[in-house]
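Below is one structure, written out as structure tokens; comments come after it.
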Amino acid sequence: MSRFEKVDATYSFPEMEERILEFWESEDVFAKSLARPAPNGNYVFYEGPPTANALPHPGHVLTRVIKDLFPRYKTMQGYHVARKAGWDTHGLPVEIEVEKELGFTSKDEIEEFGIAEFNRRCLESVRRYEKEWRRISNRIGFWLNYEDAYFTFTNEYLETVWWLLRQIWDQGLIYEGHKIVPYCYRCGTPLSSHEVAQNYKDTKDPSIYVKFRIASDMHGFCTELAEGKTYFLVWTTTPWTLLSNVALAVNPDAEYVAVFHSGEHLILARELLEATGLDEEPVVASMRGSDLESIDYEPLYSFITADKRGHYVVTGDFVTLEDGTGIVHIAPAFGEEDYQVGIANDLPFVCAVDERGNIVPEVTQWAGRNVKDADAGILNDLKERELLFRSTTYTHAYPFCWRCDSPLLYYAFPSWFIRTTAVRDELLANNEQINWVPEHIGTGRFGQWLDGVVDWALSRNRFWGTPLPIWQCESCGELHCIGSYSELQELSGFEADDLYDQSKFNPHRPFVDELTWECAECGGKMRRVPHVIDCWFDSGAMPFAQHHYPFEHKDDIDGGAQFPADFISEALEQTRGWFYTLHAIATMVKDSPAFKNCLVLGLIMDEKGHKMSKSKGNVADPWKVIDRQGADAFRWYFLSATAPWVSTRYSETAVVNSLQKFLIPLWNVYSFFVIYANIDDFDPASPAKPWDEREQLDRWILIKYNRLAREVTENLDNYRITEAARSIEGFLDILSNWYVRRSRRRFWQSEKDDSKWNAYHTLYEILAGFSRLIAPFTPFLAEELHQKLVRPFSPDAPVSVHLCDYPVADRAVSQPELEAGMDAALRVVKLGHAARNLSKIKVRQPLGGVTLVTNDTHLPDVIEPYSDIIKDELNIKSIGWAEEAKDYVDYQIKPDFARLGPRLGRQIREVQKLLASSPASELVTQLSETGQIVLNTSAGEVKLESEDLDVRLVEKEGTAAQRDGNLLLVLDLEITPALREEGLSREFINRVQNLRKTLQLDYEQRIEVKFSVGEPVRSAILKYANTIAAEVLALDFGEEPGLADEQPNVYPAEIEDLEVLIKLVPVKGK
RNA sequence: GGGUCGUUAGCUCAGGUGGUUAGAGCGCAUCCCUGAUAAGGAUGAGGUCCCUGGUUCGAGUCCAGGACGACCCA
């Protein structure tokens, strides 16, 4: 009966993980981890709510892996991490998904269909995708409290959002204005930027140069200009916007000129003279853009009378000299930049186009015409009035509606705003308190975004969203912002016995639209404004709304227990999304940052380096990798491959690599341990010696393990995941390839002495500790190790590794001289292997020894305690230190640039040359005898001490020598007859062991071996017969000259071109 | 057009505060080890460190300009 469960040779990580998932489920491990005592208090993590409107892709897996790592880590460290799940349920993406399902192309269809039913379907759609998200999150081990999830559509959540808006309203920060949005006049709907990006096409538009006649005088600086015959020359590709022109803009720093052309004076930027074909015309005046400021011109059209002063020149840095004339026509209704110019200069707002894309009735000449159709008429009109300088066509990329292919207009919509510009300083100040990883996001992308913050366009003309809680009087325009359901109930008098049950009270459209009351000012009807709000406000409200603050859990927020967050992490694109809205709302309502540490993740790109996106069709299916390589492999790849903020090219091969680099070697160490622990019936509960009484190698690996625990903790505390993962990988490498490899004999040996038990205890302790150390990274394999290695032997052990304490480094476990010695020994071994390679003498062939040469006088003492390990590893008999280094090496002497550079300056060049040209060995002698080297340079004598110099050993040609810095190893290549015999015996052992492996014998299986072979192999085998028998576990071993190939249990092999016949019979019952 | 990041071996990436032999992993070639290994080790081939200037005794690293790519915003 085996003590440890046998490790399956045909293991499958995905299958193991499925078992672990079932185990977590049946033992309710996650709930237990939430209930774990938390002596260190709360660690607050906010789940950025995903909008469940599509299937998750590898990028989402990355995010969720990172978001899982820190909560697990902190939980094991004795913090309580609530890990409340959340879902962003509102918004245009969801609506579009449902519109597609229903085959709708316009808002009118939704209204006909019924908003109530439409919204119900939106909710249904979100719920459907939510299931897929939960499925993959669960499979990759992302623990999140779904039982206690927040949803942005619930009455509780929505009420908090209203409350927050009311706080902002009370500060006077909410106002109504216009927002320029890409708009499809046919579908009657604005498009999101994402939609706009889907359908850019090269299109031909008019390209016209229009003359605007100057009305006032020119401020006296160019009196020679003809009065009434001086014009600003302006370029545009959208003639129809000229009807709504209110100003012209110039670059204040650019040079403008007036040229004489056909009896008129035309003003434009000097740089663009050639482009407009006016470079041959005489320049009659020159001025800076700023000189033109506030000059009035005659409007081209005056169908619509402006309510304030317009039609004059303004200045702006945005005016470029790349194309056109350097003078830009401004129509605030039809462009974001134009709109901002309008605000900044208090220009009138003129809009000659209605929501259907037609010219308004006031413009009698073209009333009712579609804007694109009106272009030709306007062109003709300008031509007739001789205001057209030139007209051609122009091909450029222009966006079209992805649904109906109509050209989009940039159109000013009435819209509600939050005056975030008023809290800019507070936003910047609070940003100073956030630890951004990587740092440059905080100062760069995010900081600069805050620095140039614009007012937040809050409202949307849509259906499925949090209704804007503003009511307006139909008669007098009085406004009221609602801050709670009870307030709304009191005012409007609706009846509902439960305000938080949506079947009794639903605050969504269309129900909320029906709630009205009498205006307190004039007795008119208070009616809700038609908008819903930007769903980004919903998600940014989550610190408060997930707890229904302040209606519930008031103390958790006000007392700091759940606000602000210690840690959040999302992808880069959230900088202006969730990161911003969290920050803005927290700043406006609490004047506090919403989060203390923010880890910003890079994008996951396809193998060609492009962002994965639905429209490109390059989105990889994460399930493939999960099913084939497993979740731990996926996780380890993301955590160890590259810094998480670096955009990464993703491929399954890369995941397989990390599997081979980490999970498989770890599994092999585990499997090795189990095989021998069972053979020797090792009991982990048996008494173990203190660490410092164990063997050298044991002490060494325990020291390394403790160092690892410290490094991982330090790195994770600083959110440096890759560094932590790489330390872990580095440790596993020395564990597997040095500790276990060098300790194998102690596990194999038949004597059950202290050395053997020390090895078992050491490896066991490390595997057990390691399982806890890697638990946040690869939770499945960690759990497997815990279940198989720890739990059966420790009745007190927690049910799951995730309920254990995170390892803490024991600073007492330290022996610097041991570490230095072993490191040096490793260096020697590496050189020895290299020398053997070079000499083509395989390691199985024992050699007399190596000679080490160094100018480091301490090294021999440091290495001496490890000479047995070195001898064994290199299969040599002795290690010697050369008395007379000159036999083996030459020297190379260079100045130590870091020391001498600052001292000597330019002279260092000459010193370098002098050192290189002098015989090195003489310099070394001079240095060792006098303690210095004196050089005669052109600038005088220079004295150099040994610290100023970098003396290196260089192997002489023709020796089997290898060098690493100042340590040189020379391999003794002489193979004496005795060494040769020993080598042949080891060849024979190797053949028998290979046979054992081919025959798939058990590790403990005893065998009977007979052989038949010619000289000289025969006598070598006979001489080492006892050693051979012991090595291959042969109970009976001897020569049998008559063996023949065709006999049963006889196998042929070859040693140095000599045929060997080996008869191998397993001994029954052994 | 503005902003941010990046460009180092065939591929994926490391390379605080400048220091003269620029590294790792994968892949390739040759060899080795294996009584845990699906692994592992050694050696080799493979680099104008994107380009051009500048600062400096000295630049992959600092500065300026440019090219290319990605992303964000217009």
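So you know, we letter chains A, B, ... as the sequences are listed, proteins then strands, and number each from 1. Scope of the values below: all heavy atoms of this structure, side chains included, with no hydrogens, waters or symmetry mates. Bear in mind the structure is a predicted one, so any value in this text is a computation, not a measurement.
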Task: Parallel, tilted or perpendicular: rings of A:Phe662 and A:Trp636 (30°, 60°) - done: parallel
- [ ] Go through the side-chain N and O atoms of A:Asn431 and A:Trp436 and say whether any donor and acceptor fall under 3.5 Å apart.
- [x] yes
TODO: By nearest nucleotide on RNA chain B, pick out whichever of A:Phe672 and A:Gln907 is the more 5' one.
DONE: A:Phe672
Open item on the list: What's the closest nucleotide to the side chain of A:Leu572 if the choices are B:rU34, B:rA36, B:rC71?
Closed with: B:rC71
Open item on the list: Rounding to an integer number of angstrom, what distance separates B:rU48 and B:rA22 when you compare their C1' atoms?
Closed with: 14 Å
Open item on the list: Rounded to whole Å, how long is the line connecting atom CG of A:Asp733 with atom C1' of B:rU37?
Closed with: 13 Å
Task: From B:rU20, B:rA39, B:rG41, nucleotide with atom closest to A:Phe897 side chain - done: B:rU20
- [ ] Search all heavy atoms of A:Arg991 against all heavy atoms of A:Ile1062 and return the closest pair with its distance.
- [x] CB-CD1, 4.0 Å
Task: Whole-Å gap separating P (B:rG40) and CG (A:Leu663) - done: 13 Å
TODO: Report the distance from atom CZ of A:Phe446 to atom P of B:rC72, rounded to the nearest whole Å.
DONE: 17 Å
- [ ] Dot-bracket notation for RNA chain B is requested: 5' to 3', Watson-Crick or G-U wobble pairs only, both distances under 3.5 Å, with ( ), [ ], | and . as defined.
- [x] (((((((..((((.....[...)))).(((((.......))))).....(((((..]....)))))))))))).
Task: Nearest-angstrom distance, P atom, B:rA45 to B:rG2 - done: 46 Å
Open item on the list: Classify A:Arg744 by what it touches in the nucleic acid, base, sugar-phosphate, or nothing, heavy-atom distance under 4.0 Å.
Closed with: base
Open item on the list: Just to verify, what does A:Tyr670 make a ring-ring contact (aromatic ring centres under 6.0 Å, His included) with, not counting sequence neighbours?
Closed with: A:Trp667
Task: B:rG3 and B:rG44, which share atom name P, separated by this distance in whole Å - done: 47 Å
Task: With sequence neighbours excluded, residues passing salt bridge (charged side-chain N to carboxylate O under 4.0 Å, His left out) with A:Lys871 - done: A:Asp868
Task: Given B:rA39, B:rU37, B:rC13, the nucleotide with the shortest approach to the side chain of A:Pro665 - done: B:rA39
TODO: May I ask you to say what A:Asp896 touches in the nucleic acid, namely base, sugar-phosphate or nothing, with a heavy-atom cut-off under 4.0 Å?
DONE: nothing
Open item on the list: If you only use heavy atoms from C-beta on, which nucleotide in B:rU34, B:rU20, B:rA36 is closest to the side chain of A:Lys894?
Closed with: B:rU20
Open item on the list: Work out how far the C1' atom of B:rC62 is from that of B:rG47, and round it to whole angstrom.
Closed with: 23 Å
Open item on the list: If you compare every side-chain N and O of A:Asn668 against the phosphate oxygens of B:rG40 (OP1, OP2), does one of them come in below 4.0 Å?
Closed with: no
Task: Centroid separation A:Tyr410 to A:Phe334 less than 6.0 Å - done: no
- [ ] To the nearest Å, give me how far apart CZ (A:Phe662) and C1' (B:rA39) are.
- [x] 15 Å
- [ ] Between B:rG46 and B:rC26, how far apart are the C1' atoms? Round to whole Å, please.
- [x] 14 Å
Which protein N or O atoms sit under 3.5 Å from an N or O of nucleotides 23-25 of chain B?
none

TODO: Let me know the distance between CG of A:Leu735 and C1' of B:rA39, rounded to the nearest Å.
DONE: 14 Å
Task: Closest listed nucleotide, where the reference is the side chain of A:Arg726 and the choices are B:rC13, B:rC57, B:rU37 - done: B:rC13
- [ ] For A:Tyr739, enumerate each residue passing the ring-ring contact (aromatic ring centres under 6.0 Å, His included) test, keeping only those at least two apart in sequence or located in another chain.
- [x] none
Open item on the list: What is the separation between atom CG on A:Asn678 and atom C1' on B:rA36, rounded to the nearest whole Å?
Closed with: 13 Å
TODO: Identify whether any heavy atom of A:Val674 sits under 4.0 Å from a base atom; if not, whether one sits that close to sugar-phosphate; answer base, sugar-phosphate or nothing.
DONE: nothing
Open item on the list: If I pick the C1' atom on B:rU17 and the same atom on B:rU61, what distance separates them, to the nearest angstrom?
Closed with: 11 Å
Task: salt bridge (charged side-chain N to carboxylate O under 4.0 Å, His left out) partners for A:Arg628, two or more places apart - done: A:Glu652
TODO: Please find out if less than 6.0 Å separates the ring center of A:Phe4 from that of A:Phe673.
DONE: yes
Open item on the list: Could you tell me how far apart A:Phe638 (CZ) and B:rC13 (P) are, to the nearest whole angstrom?
Closed with: 13 Å
TODO: Apply side chain to side chain contact (heavy atoms under 4.5 Å, CB included) to A:Asn718 and list each qualifying residue two or more places apart in sequence or on a separate chain.
DONE: A:Arg720
Task: Non-neighbouring partners of A:Glu873 that pass salt bridge (charged side-chain N to carboxylate O under 4.0 Å, His left out), sequence neighbours left out - done: A:Arg741, A:Arg742
Task: salt bridge (charged side-chain N to carboxylate O under 4.0 Å, His left out) against A:Arg996, all qualifying residues, sequence neighbours excluded - done: none
TODO: Give one of base, sugar-phosphate or nothing for A:Leu1033, where a contact means two heavy atoms less than 4.0 Å apart.
DONE: base
Open item on the list: In whole Å, I'd like the distance from the OH atom of A:Tyr739 to the P atom of B:rG41.
Closed with: 20 Å
- [ ] Counting heavy atoms from C-beta on, name the nucleotide in B:rU20, B:rA36, B:rG19 closest to the side chain of A:Tyr676.
- [x] B:rA36
TODO: Determine the interatomic distance between P on B:rG19 and the same-named atom on B:rG23; round to the nearest Å.
DONE: 13 Å
TODO: Considering only atom C1', compute the distance from B:rG27 to B:rG10 and round it to an integer number of Å.
DONE: 8 Å
